[in-house]
*Asks:* 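The structure that follows is given in the form of structure tokens.
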Amino acid sequence: MARQRSDVLKALDLEVWVRRGRKSDPSREVDAESGRAAEPAAALDWDRLESAVAGCVKCALHAGRTRTVFGVGDRQAGLMVVGEAPGAEEDRQGLPFVGRAGQLLNAMLQAIGFARDEVYIANVLKCRPPNNRDPRPDEVGCCLPYLERQIALVDPRVILCVGRIAAQNLLGTDVSLGRLRGQVHAFGTEGRPVIVTYHPAYLLRSPAEKAKAWQDLLRVQDLLGDTATVGERIS
Ligand code: SF4
């Protein structure tokens with residue numbers, strides 16, 4: 001599979017970046033309240049993973065959450081969308097990307113031929129940081145194994161990372177979003193292709209950047225090898 005992906009990337013004449021960053025730390029697979037070793041996320045099936053997240057107290061963010069935001073969509077999707085962390089409305093509803101930013105994400109997906117329920121959507125963090133501050137490294141270190149397991153279970157052909165925080169944490173880099181865009185990155189040992197684009201909340205504030213986001217989406221479509229479903233330009 002990894003060989004096939006790298007062949008596709010070469011055929012598209014796209015540069016490949018390999019994640020240099022953080023690996024999940026097995027020592028963090030510990031229940032913070034009981035101190036007992038928790039079953040590693042990498043060993044869990046969907047049901048046990050979802051219930052592990054629902055009851056997770058591995059980092060301090062559990063104390064302020066209304067609901068965990070596990071993820072939503074087709075668990076066998078070819079395209080997986082990775083965001084940063086729940087905001088206020090996501091925390092209330094337990095769903096990622098709701099509200100105006102969620103609507104724009106839906107439109108972006110529709111533009112390349114996907115209904116929202118045809119992709120899988122998850123965040124780096126499953127609990128809302130207070131006042132929507134950036135995730136802290138220790139919080140990401142605790143939570144990332146859940147996302148890594150979700151990626152392994154979905155086994156998407158392409159990952160679309162939306163926003164700087166999601167991209168930097170998934171790829172383990174501090175390179176700016178401007179430099180991460182426009183290239184194909186490789187995630188994990190399989191070299192799964194990752195495309196980075198702007199967060200829809202940013203695009204709502206900076207609509208002039210939608211043209212660049214459209215280029216990113218076309219690149220996703222190229223990687224998925226489905227040029228027949230080109231939709232409308234994002235408006
Ligand atoms: S943010 Fe992640 S690691 Fe922290 S408590 Fe929530 S689910 Fe657990």
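Counting convention: from 1, in listed order, for ligands and their atoms alike. Keep in mind that the numbers below use all heavy atoms, side chains included, and drop hydrogens, waters and symmetry copies.
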*Asks:* Does the pair R65/D91 count as a salt bridge with the N-to-O cut at 4.0 Å?
*Replies:* no

*Asks:* Any ion pair linking E39 and R48 (charged N to carboxylate O, less than 4.0 Å)?
*Replies:*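 Looking at E39 together with R48, the answer is yes, because their closest N to O distance falls below 4.0 Å.
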
*Asks:* Ion pair present between E50 and R75, side-chain N to carboxylate O less than 4.0 angstrom?
*Replies:*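 Counted as a salt bridge, because a side-chain N and a carboxylate O are separated by less than 4.0 Å.
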
*Asks:* Out of all atoms in ligand 1, which are within 4.0 Å of some heavy atom of R65? Include the element for each.
*Replies:* 5 (S), 6 (Fe)

*Asks:* Give a yes or no on whether D45 atom CG has more than 12 heavy-atom contacts from other residues, nucleotides or ligands under 6.0 Å away.
*Replies:* yes

*Asks:* Honestly, is K58 close enough over Y146, meaning NZ or CZ under 6.0 Å from the six-membered ring centre and within 45° of the axis?
*Replies:*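 Yes; both conditions hold, so K58 lies above the ring face of Y146.
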
*Asks:* For atom 2 (Fe) of ligand 1, which protein N/O/S atoms are closer than 2.8 Å?
*Replies:*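 Atoms qualifying: C143 SG.
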
*Asks:* Just by distance, no angles: are the side chains of K210 and Q215 close enough, under 3.5 Å, to form a donor-acceptor pair?
*Replies:*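 The criterion, which ignores hydrogens and geometry beyond distance, is not satisfied for Q215 and K210.
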
